[in-house]
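Bear in mind that the values here come from a model prediction, so they are computed numbers and not experimental data.
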Amino acid sequence: MVLKIVRTVWPVMLTYVAIGAPCGMIMGQTGMEPWMVFALSSTFVTGSGQFMICNLWLAGVPAPSIIASVAAISSRFALYSASIAPHLTGASKRQTLAVAVTLTEEAYGISLAKLVEGEDWGPRESFVLNVILIATWGVSCTMGAIVGAVVDVPTAIAAFVCTSLFICLLFSQRLSRGNVVAAVSSAVSVAVCKFLGLVNIAVPASVVAGIAIALACDAVFDGRGARDAR
């Protein structure tokens, strides 16, 4: 079973190595020892959150703002767990909990596709997949921290790996009115907050503003379209 899962997920594992190593370098520059990097990377299942924690910490952002920012971008995991739960109805509560607490974005996509397609895939396979990806990420981050302690890699270069990842994710999304409004509103919100000197709340405020404005815009246009149809 493990070999079957590895054959399915090896491209994602290579991606984890390429992204995890720079993340480990940044974590090492914050003062974390390699064992600390491995411990955090093996228990904190959102890589983007780890990048955000390190970059905001190096920028001197207060801890409450860091917590709020990471919590905002990590809230999506509640939706992931909720959407995969109906496909695990035959599993025990212990199995469901094991899958939920080890879920990563890539593992979610793979497991959901397998479950929807009706393949020979269940909670056991989903959990093993999660563990394999988490272990790959933890080892990759740790190796990055070790290499970063020997080779001086500029923080800006390593940090841009996460930024470039989000840029790719942005352009891979369906071009819709809501997505465009959310992206533009978030960018404008960050600029306004920094202009006003509200650097500490710029990131969480931009997330909330972007989502709220996009939802409001969709509600207005959808309501107008319904009235026109009537």
Heavy-atom pair of closest approach, residues Val70 and Phe44 | CG1-CZ, 3.5 Å
Can you measure from CG (Leu129) to CD (Glu106) and round to the nearest 0.5 angstrom?
-> 10.0 Å
May I ask you to test the Lys114-Thr8 pair for a side-chain heavy-atom distance under 4.5 Å?
-> yes
For Val101, the other hydrophobic cluster members (4.5 Å side-chain criterion, sorted by chain and number) are Leu97
Going only through I, L, V, M, F, W and Y residues with side-chain contacts under 4.5 Å, is there a path from Trp137 to Phe77?
-> yes
Atom pair OG1 (Thr96) and NE2 (His87), whose distance is rounded to the nearest 0.5 Å = 13.0 Å
Within one Ile-Leu-Val-Met-Phe-Trp-Tyr cluster: Met13 and Val2, side-chain cutoff 4.5 Å = yes
Please confirm whether the backbone N or O of Ala39 pairs with a side-chain atom of Ser42, one donor and one acceptor, at under 3.5 Å?
-> no
With side chains defined as the heavy atoms from C-beta onward, is the minimum distance between Ile5 and Trp121 less than 4.5 Å?
-> yes
N/O donor to acceptor pairs below 3.5 angstrom from side-chain atoms of residues 19-26, sequence neighbours left out:
none

Compare all side-chain heavy atoms of Tyr108 with those of Ser81 and state whether any distance is below 4.5 angstrom.
-> no
Please name the pair of heavy atoms, one in Ile213 and one in Ser185, separated by the smallest distance, quoted to 0.1 Å.
-> CG2-OG, 3.4 Å
Exactly one candidate in Leu103, Val99, Leu112 meets side-chain contact (heavy atoms from CB on, under 4.5 Å) with Ser126; the answer is Val99
Do you know which two heavy atoms are closest between Ala107 and Asn130, and how far apart they sit?
-> CB-OD1, 3.0 Å
Out of curiosity, does Leu40 fall in the hydrophobic cluster containing Val37 (side-chain heavy atoms, cut-off under 4.5 Å, transitive links)?
-> yes
Are side-chain heavy atoms of Glu125 and Met1 found at a separation under 4.5 Å?
-> yes
Can you tell me how far the CE atom of Met36 sits from the SG atom of Cys141, to the nearest 0.5 Å?
-> 15.5 Å
Look up atom CD1 in Ile132 and atom OG1 in Thr104, then write down how far apart they are to the nearest 0.5 Å.
-> 11.0 Å
Report yes or no: do Leu133 and Val6 belong to one cluster of Ile/Leu/Val/Met/Phe/Trp/Tyr joined by side chain heavy-atom distances under 4.5 Å?
-> yes
If Ile, Leu, Val, Met, Phe, Trp and Tyr residues are connected whenever their side-chain heavy atoms lie under 4.5 Å apart, and connections chain through other members, are Val17 and Met27 in the same group?
-> no
